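Before any comments, here is the structure.
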There are 4 protein chains.
Amino acid sequence: MTRNSEKIPSMIKNRRLVERRRQQIIQAACDLFVRKGFHKTTTREIARECGLSIGTMYEYIQTKEDVLHLVCDFIHSELESRLREALAWTGTGRESLTRAVAQHFKVMEEMSDYVLLIYQETKSLPKEAMRSILKREEEITALFEEVLSKGVGDGTLKLAPSSIKLMAHNIVVLGQMWTFRRWALSGHYTLEEYTERQTALLLHEMTDENEGGE
Amino acid sequence: MTRNSEKIPSMIKNRRLVERRRQQIIQAACDLFVRKGFHKTTTREIARECGLSIGTMYEYIQTKEDVLHLVCDFIHSELESRLREALAWTGTGRESLTRAVAQHFKVMEEMSDYVLLIYQETKSLPKEAMRSILKREEEITALFEEVLSKGVGDGTLKLAPSSIKLMAHNIVVLGQMWTFRRWALSGHYTLEEYTERQTALLLHEMTDENEGGE
Amino acid sequence: MTRNSEKIPSMIKNRRLVERRRQQIIQAACDLFVRKGFHKTTTREIARECGLSIGTMYEYIQTKEDVLHLVCDFIHSELESRLREALAWTGTGRESLTRAVAQHFKVMEEMSDYVLLIYQETKSLPKEAMRSILKREEEITALFEEVLSKGVGDGTLKLAPSSIKLMAHNIVVLGQMWTFRRWALSGHYTLEEYTERQTALLLHEMTDENEGGE
Amino acid sequence: MTRNSEKIPSMIKNRRLVERRRQQIIQAACDLFVRKGFHKTTTREIARECGLSIGTMYEYIQTKEDVLHLVCDFIHSELESRLREALAWTGTGRESLTRAVAQHFKVMEEMSDYVLLIYQETKSLPKEAMRSILKREEEITALFEEVLSKGVGDGTLKLAPSSIKLMAHNIVVLGQMWTFRRWALSGHYTLEEYTERQTALLLHEMTDENEGGE
DNA sequence: TATGAATGAGAGTTCATTCAT
DNA sequence: GATGAATGAACTCTCATTCAT
């Protein structure tokens, strides 16, 4: 799934080995970046934590930023695959949306630290890597666009076509909000309450004669 | 307005001077942090940019993190004061909200870089400074809570009391979204369109029999 | 008494004022040097502690080393004047010696910190200042030479003339030893015991047919 | 012999190499500390002098104070091992003492600079390191206690048991005195004369009915 | 493939001293 | 005489990266 992994060059020829070693690196780096942040984590710490010597680690990456890229990519893959699970079910667009939102919020809760990590460290990536990460983000948003379109198509959701993209972004962001505003929200709502209320608000927006601000 | 400035000790006795010099430092640091990020900006660069010698700069701060604190605090003060302007007008709660949202979004657009800065670098602050920054964030949210309460009070907005806080957070975050998803949004919507649609969605949520998911 | 004070130039003409301000400086610096050592004490700290501004302080000294010189000189003056008191009494040489030794040890005890200071920081003085400090040390030793000579003269002490200087040095050093070996000695002897025993040993050396190794 | 070396952590795994590099560091630092003192010697100077890059040097130590600790420890090891040589010979206690004193004084002469170094810079060590250095000092003193006890045991030295520790300290300090009062003593006595006279005085103290002040 | 010792530019911070007011 | 803001050289220490083995 870590598709971008292939873009990062390695000195080692054996692709299987590269994949395995990089998984070690990603696991260790994820933990450390979450705990200390990208800048305060040293390459030596990553190497130690993943059981490779510093020299060996550098056979599988080229720069420290590569590690960040691998980590961000891994996290996005996780997020995306978990979200896709929720979309496998069948039902009306409205039902699918309800399920997708709930799953999205649940994933945000579970991967809270990782989501935060992406939000705070993406800017440290080199331009090219950054673009590829943003593309992943857009793909996730596109999943919601699909669900919304389906709902508009089967008449269970009312929304101006030109607002579909906006609504998709709103949904994604309101999920992420649970991670980066947790310090304020968790004191007042449980995840269940939060999900319920946000879902009610969203569905209400897409009911009746509302045409989404057109 | 930079209230926390007083908490950061300085070697210089003249309070006026401290305030002036710190303004220089903040201006220079804001620019640099936006362009290069906190970690990739050196203290020497900040000093050069604000026209002080490195030694002199350190008479007005204690650590590099103090500069970040000063910067974050300054940005929040700006955000808050600009938002308060919009709240000075009179009118129904619904009208106030419409105006406040528009102003909030406009401020987000204008201070885009600064808002991003806060979102990405706050985590680099020491614990204590971080708490003070989050408090500022909560105060801004509270401004929207007030407007919403007013609307609920005068009957122009329908919203379960227990959802007021949630809605306030939603509004703040949807504004910030314009800054940290600009790469995706600006291709499809102008700020005006964005504002119009989001406002329509929000107002629709608070119209009729909708009780916000209770 | 701080004779060398005159050698250190000052910008201020009024000699009285110079003397008074320098006393302030010495008191503050003594404390600080004892607590933190010369190198870890900053000129700013000294200024703050003695109630002068840093600029004013520098009107009365030229360098930080001047302060150390003043301090060392002051301490020696104290040591010497206290020792001279003990020598004012009359009696046989042997009696004088006993009294001088006891007083010397007592002074070492009381000025313990200061004596240590001299021993550890003198080397940080510039050459010229160092020489002047060593001269003071020699003068103190000379006081004991005088007492010993008196004893040899009146027949109450037996000592080869060529060993008088050596014995004087021994006495001075055995006193200082109480300060720089206190960590080992104070666990086994009180100052009284220490004084008694060392005195007994010394007097025994200068009794009977002993000719001091000639 | 530098037993405490093991307590100082190193980034390098190869213990042999650590030992070798640290010897380089110690040699260079000894020279520099003797010439300029600890505080006026920079880490870069030490690195240059011992032929390592600054980065490499820091792989073998953690702080500049570690270097001082290493140096002090090395000096004590030298002092102790040289003194132990002199104690290997057999003979009466009195003979052993004579030999030990002469050797101690000779070592003081030869390692004059190093002994001074220890006396002046030990205070710059962190607490823990300082304690370990004082313990070494006490061990050296204990060597003399043993010799004295032997002499008391075989009847060749007369000394109250409770004065043995005191006498041991006296001997050690009178040796060190040759280093830190050399400026005064060397003008009047050669090392041989100094040794002869001090020995005579000491032996006389422990002859006949003298009971050391009890 | 794997290792880990070596590197050195560059980071943040300090502080004795000066000098305009 | 008194003040204290300004200075910048110099300090200790870090760490991503390389390369000989």
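Since the model is a prediction, treat every value here as computed from it, not as a measurement.
Each of D/Arg22, D/Lys7, D/Arg136 was compared with D/Asp73 under the salt bridge (Lys or Arg N to Asp or Glu O under 4.0 Å) criterion, and only D/Arg136 meets it.
Scored by the salt bridge (Lys or Arg N to Asp or Glu O under 4.0 Å) test, C/Arg15 finds no partners at all (sequence neighbours excluded). Here D/Tyr60 pairs with nothing under the ring-ring contact (aromatic ring centres under 6.0 Å, His included) rule; sequence neighbours left out. Judged as a side-chain hydrogen bond (donor to acceptor under 3.5 Å, both in side chains), and not counting sequence neighbours, A/Arg20 has no contacts.
Counting to the nearest Å, the P atom of E/dG4 and the CZ atom of D/Arg15 are 15 Å from each other. Whole-Å rounding puts the C/Ile61 CD1 to E/dT18 P distance at 10 Å.
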Symbol by symbol from the 5' end, with Watson-Crick or G-U pairs under 3.5 Å, [ ] crossing and | another strand, DNA chain F is .||||||||||||||||||||
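The aromatic rings of D/His39 and C/His39 lie parallel to each other, their planes meeting at an angle below 30°, with 60° marking the opposite boundary.
The closest donor-acceptor contact from the side chain of A/Thr43 to the backbone of A/Ile54 lies at 3.5 Å or more, if one exists at all. Counting only distance, with no hydrogens or angles, the side chain of A/Asp31 and the backbone of A/Ala28 share no donor-acceptor pair below 3.5 Å.
Listed by first and then second residue, the salt bridge (Lys or Arg N to Asp or Glu O under 4.0 Å) pairs involving residues 38-47 of chain B are A/Glu65-B/Lys40, B/Lys36-B/Glu45 (not counting sequence neighbours).
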How does protein contact run along nucleotides 3-12 of chain F, one letter per nucleotide 5' to 3', with B for base contact, S for sugar-phosphate only, - for none, heavy atoms under 4.0 Å? BBBSBBBBSB
